[in-house]
Each structure stands twice: as structure tokens, then as C-alpha cells.
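Worksheet for the structure shown next.
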Amino acid sequence: MKLAIFGGKQVRSTMLTYGRQCIDDEDINRVIEVLKGDYLTTGPYVKEFEDKVAKYVGAKYAVAVCNGTAALHMACFAAGIGKGDEVIVAPITFAASANCVLYCGGTPVFSDIDPKTYNLDPDQIEKHITDKTKAIIPVDFTGQSVDIDAIRKIADKHGLLIIEDGAHSLGSEYKGNKVGTVADMTEFSFHPVKPITTGEGGMVVTDNKELYNKMMLFRTHGITRDESMMEKNDGPWYYEQIDLGYNYRITDMQCALGTSQMDKIDKFLARRREIASMYNDEFKSIEQVVTPYEAEFSNSGHHIYVVRLELDKLTCTRKEIFEALKAENIGVNVHYYPVYLFPYYKRLGYKIGTCPEAEELYNRIITLPLHLGMNDSDINDVIKAVKKVISFYSK
Ligand SMILES: Cc1ncc(COP(=O)(O)O)c(C=O)c1O
């Protein structure tokens with residue numbers, strides 16, 4: 001048993017999870033109100049939630065759907081990605097950021113990360129651009145915005161669309177503005193560990209009316225009641241399917257929760273930043289632990305807190321540190337395995353060595369708990385456990 005190695009008592013007696021939703025009575029009452037009302041699925045809260053998020057980030061339009069993956073699929077559809085198209089994607093991310101390209105018949109092309117921010121390195125992107133490239137999907141990993149102006153410049157030069165995967169970055173800032181207006185479309189996720197939650201949920205924001213219209217169609221089977229888009233009008237009951245879409249609708253219950261969560265987002269982000277800064281202060285003097293680097297253009301919302309281990313200064317592997325922290329009841333995690341190394345992607349022909357920086361990073365990272373359910377004592381437990389484990393394994 002690992003615990004024996006460290007002797008004495010565990011830092012904690014109960015497991016602290018790495019991420020968790022934060023739901024209060026206001027949230028619960030807002031959902032109950034919908035349950036007692038007329039609309040369970042599409043109802044007034046859907047538009048209210050969309051408007052609230054769009055206004056918050058400074059975008060003109062928003063389309064809410066049933067999850068962030070559906071939102072990415074919808075954005076790829078609106079971008080017109082299809083068979084034969086290539087899309088440049090990030091390797092250190094959740095699989096959905098690349099799967100969405102495959103859903104549309106396109107080919108994800110993985111470009112390496114900046115070893116400091118762990119986001120797509122703008123300097124690596126251009127060498128992957130061919131006459132088949134249609135779009136770039138950068139990810140704001142951990143909540144830190146990618147250098148979106150640099151990516152915008154490349155996209156404009158080559159006539160590409162940008163679909164920003166902001167699943168981690170609702171409320172995060174780039175050069176003082178909220179993430180969500182520089183890319184052609186920006187996707188957010190409302191999964192429970194994300195900056196705000198609707199249980200499951202996702203959204204795409206855009207300033208482009210044409211893209212917005214395409215997404216609205218895609219969300220609901222490709223069906224419209226807008227006469228200006230229809231071939232004919234057979235009567236007041238009549239609608240037309242003018243494209244192939246899905247049922248990616250989000251419910252009014254989820255959007256009611258989303259509107260209530262949006263009322264608290266600034267408070268949520270302030271606390272997340274506070275926890276990250278407490279960790280940074282404590283870990284900056286430990287040479288075996290590299291705290292998250294934040295670029296000068298970024299004000300991250302710290303969706304997750306990822307440290308990089310200096311393994312050459314430790315007597316053990318990342319796995320041993322991971323297991324030792326788990327034994328202390330610290331619910332660590334690892335984000336992420338480079339997507340193209342998964343068996344499915346390997347079967348499609350993707351190879352080890354495609355993104356050396358991403359592969360190197362993967363072997364060294366650990367995600368520490370950071371969520372709004374943590375009190376100062378929980379934060380101190382994490383700090384204490386990290387110090388204990390690292391000092392045990394220090395060279
Ligand atoms: C970077 C990233 N993109 C996309 C998604 C997909 O979001 P969802 O889980 O809402 O489908 C996630 C979710 O974990 C994510 O982390």
C-alpha cells in the first residue's frame with residue numbers, strides 16, 4: 001500500500017474531486033419553475049440563456065445545444081467542412097475537438113503546442129496549411145485563451161475560418177476582452193466541471209448572421225419555418241426540411257439553470273482565480289513543480305489547474321506521484337492524452353511523433369483539484385499533500 005511509504009496519517013480522510021459543479025437554491029428554484037411551467041424542451045429560457053451568454057462575451061448571436069460536442073459539430077457543419085477538407089486542430093485536448101471534424105467527413109491535422117502555454121503554437125500552424133485546409137480549431141486549454149490574434153492573422157492570410165474551442169474558457173479574457181469574438185465561431189461547454197453548468201449543454205457564439213442561420217437549422221433537423229428560406233408555403237402548419245440536421249436541442253430546464261449560473265459567473269471566476277493564485281504562491285518555490293504559465297495577453301478563468309513535473313529532479317515517474325496523491329485522497333487527474341495517439345486515431349493512420357511537444361508534455365502533467373466546492377481547508381490539504389509527496393520523491 002502506497003500509504004505505508006509516507007507513514008503516519010493521510011492528509012485527508014475523504015477524497016477531494018478534481019472538479020465539481022456549484023449549485024445553490026437559486027439554481028434549483030429556477031429549474032423547478034420550469035418543471036411547473038408549460039415548456040420542458042425549447043421554451044423562453046433557451047433564448048434568454050443564449051442572449052445572456054452572447055451579451056456577456058460581446059457576441060451578436062448564440063445558439064445553445066445539448067452539449068459542447070454537438071456545438072463543435074454544429075460549428076463544423078456551418079463552416080462547410082466536408083470530405084477532402086483539412087482542419088488544423090490541437091493535440092492536447094478532449095477528443096471532441098478533433099472528432100467534430102471527422103463527423104463532417106474532414107481530416108483533422110494536428111499541429112504542435114507552445115511548450116509554455118500548452119495551447120496551439122501559432123508559429124507551427126502555417127507549415128500544415130495546404131490548399132485543402134479550411135479551418136483552424138484552437139483550444140483554450142485550462143481556460144487560458146490561445147493567442148487568437150496571431151491565429152486570426154494566419155487564418156485571414158489563407159482564407160480560413162476559426163472555430164475556437166472555448167469549452168474551458170467562458171469568461172476568460174484575451175487582451176482584456178472576453179473570449180468569444182475574434183474567432184468566426186466560439187464554442188462553450190456547460191458540462192458540470194466547466195466554468196458554469198447546465199448539466200449537459202453547449203453553445204456557439206458568432207457575429208456572423210449566415211453562420212448563425214446555418215447553426216439554427218442544424219440544431220433542429222435542418223428544418224425551418226422561415227418563409228424566406230422555404231420553397232413554398234403549404235399553410236400555417238407547414239415547415240420545410242432544407243438541409244440535413246440533427247436533434248441537438250437543449251431543454252428549457254437546462255437553460256433555466258444556465259441563466260441562473262450566469263448570474264454568478266463573475267463570482268465563480270474570481271474564486272477560481274483566487275484558488276489558482278494560492279496554489280501558485282505555494283508551489284512557485286518547489287523546483288520539481290512547474291506552475292501554469294500565463295501569457296501577458298491572458299486572464300484565465302482556470303477551468304483546471306495543471307502542473308508540470310520536472311521528472312529529472314524526482315526519483316519517480318508521474319504515475320507514482322499521481323498514485324501517491326490519490327493515496328492522500330487528493331483527486332488528481334491528467335488532461336490530456338494527445339488525441340491522435342488514441343487507438344481509433346492510430347487506426348486512421350496518425351503516428352507517434354506528430355507533435356513532439358505535446359507528447360513530451362503528456363508524460364509530465366497532473367491536474368490538481370480546483371472547483372468552487374473547495375474551502376480554504378481543502379486548498380491547504382492539496383498544498384500539504386503536494387509538498388509531502390514531492391519532498392518524499394525529491395532527488
Ligand atoms: C476542450 C473540450 N472541448 C470540447 C468538449 C466537449 O464538451 P461536452 O462534454 O459538453 O460535449 C470538452 C469537454 O470536456 C472539452 O474539454
Side-chain angles (χ1 to χ4, degrees), residues 17-21 49-50 53 62-77 87-104 108 110-111 113 117-120 135-146 148 151 162-172 179-180 183 185-205 215 218-219 246-251 254-255 257-258 261 272 292 300-306 333-340 342 345 355 358 361-362 365 367 370-371:
T17 60
Y18 89 92
R20 195 183 193 284
Q21 69 277 13
F49 183 42
E50 289 170 339
V53 174
V63 184
V65 288
C66 51
N67 56 62
T69 305
L72 284 169
H73 185 191
M74 177 171 76
C76 286
F77 166 84
V87 178
I88 293 169
V89 298
I92 295 291
T93 185
F94 183 60
S97 317
N99 288 348
C100 57
V101 178
L102 295 174
Y103 297 155
C104 294
F110 292 89
S111 185
I113 54 162
T117 63
Y118 316 150
N119 276 329
L120 267 188
I136 306 171
I137 306 184
V139 176
D140 301 324
F141 177 58
T142 72
Q144 167 157 232
S145 171
V146 72
I148 195 73
I151 292 178
I162 307 174
I163 301 167
E164 186 169 0
D165 182 341
H168 299 184
S169 64
L170 180 65
S172 292
V179 163
M185 291 173 273
T186 303
E187 165 263 343
F188 298 116
S189 163
F190 310 121
H191 177 272
V193 299
K194 297 297 192 299
I196 64 156
T197 191
T198 58
E200 294 277 2
M203 196 180 284
V204 176
V205 296
M215 290 191 283
F218 191 71
R219 174 171 73 181
Y246 289 71
N247 176 358
Y248 275 170
R249 290 189 305 260
I250 187 167
T251 67
Q254 291 166 300
C255 290
L257 177 56
Q261 289 263 299
R272 284 182 173 278
S300 174
H302 297 286
H303 157 58
I304 48 176
Y305 188 89
V306 174
N333 210 324
V334 171
H335 297 92
Y336 289 99
Y337 188 66
V339 174
Y340 61 86
F342 282 126
Y345 276 83
C355 298
L361 179 74
Y362 164 70
I365 43 178
T367 305
L370 194 168
H371 58 86

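Everything numeric here is computed off the predicted structure, so don't read it as measured data. As the structure lists them, so they are numbered: ligands from 1, and atoms in each ligand from 1. Quick note: numbers below take in every heavy atom, side chains included, and nothing from hydrogens, waters or symmetry partners.
Side-chain atoms of Arg272 come within 3.5 Å of backbone atoms of His302 as a donor-acceptor pair (strictly under, hydrogens ignored).
Across His168, Lys194, His191, Glu200, heavy-atom proximity to atom 13 (C) of ligand 1 is greatest for Lys194. Within the set Ser189, Pro192, Gly202, the minimum heavy-atom distance to atom 9 (O) of ligand 1 is found for Ser189.
Relative ring orientation between Tyr337 and Phe342 is described as tilted, the plane-to-plane angle lying within the 30° to 60° band.
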query = Could you walk me through whether Tyr103 and Leu72 pass the side chain to side chain contact (heavy atoms under 4.5 Å, CB included) check?
reply = CA-CA 10 Å; Tyr103 297 155; Leu72 284 169; over 6 Å; no
ask   = Run the side chain to side chain donor-acceptor pair (under 3.5 Å) check on His335 and Thr367 step by step: do they pass?
value = CA-CA 7 Å; His335 297 92; Thr367 305; 2.8 Å; yes
message = Determine whether His73 and Tyr248 satisfy the following criterion, side chain to side chain donor-acceptor pair (under 3.5 Å), listing intermediate values before the conclusion.
response = CA-CA 10 Å; His73 185 191; Tyr248 275 170; 2.9 Å; yes
inquiry  = side chain to side chain contact (heavy atoms under 4.5 Å, CB included) for Tyr18 and His371? Distances and angles first, verdict last.
reply    = CA-CA 7 Å; Tyr18 89 92; His371 58 86; over 6 Å; no
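Ranking protein heavy atoms by distance to atom 6 (C) of ligand 1, first place goes to Thr69 OG1, 3.4 Å. Of all protein heavy atoms, the one lying nearest to atom 3 (N) of ligand 1 is Asp165 OD2, 2.7 Å. In terms of protein heavy-atom proximity, atom 12 (C) of ligand 1 is closest to Phe94 CD2, 3.7 Å. Looking at atom 2 (C) of ligand 1, its nearest protein heavy atom turns out to be Ala167 CB, 3.4 Å.
Less than 4.0 angstrom separates some heavy atom of Ser97 from each of these atoms of ligand 1: 1 (C), 3 (N). Heavy-atom proximity to Thr93, at under 4.0 Å, picks out these atoms of ligand 1: 1 (C). Close approach of ligand 1 to Asn67 is summarised as follows: ligand atoms under 4.0 Å from at least one heavy atom of the residue are 10 (O), 11 (O).
Under the 4.0 angstrom criterion for non-hydrogen atoms, Gly201 is in contact with ligand 1. Residue contacts with ligand 1 leave out Phe190, since none of its heavy atoms falls under 4.0 Å from the ligand.
Polar contact check, Gly68 against ligand 1: a nitrogen or oxygen pair lies under 3.5 Å apart.
A 4.5 Å side-chain heavy-atom check between Leu170 and Lys194 finds every atom pair outside the cut-off.
Under the salt bridge (charged side-chain N to carboxylate O under 4.0 Å, His left out) criterion, Arg219 pairs with Glu50, not counting sequence neighbours.
Residue contacts with ligand 1, taken as heavy atom pairs separated by less than 4.0 Å, involve Tyr336 solely via side-chain atoms from C-beta onward.
Here Tyr340 and Tyr345 keep their ring centres 6.0 angstrom or further from each other.
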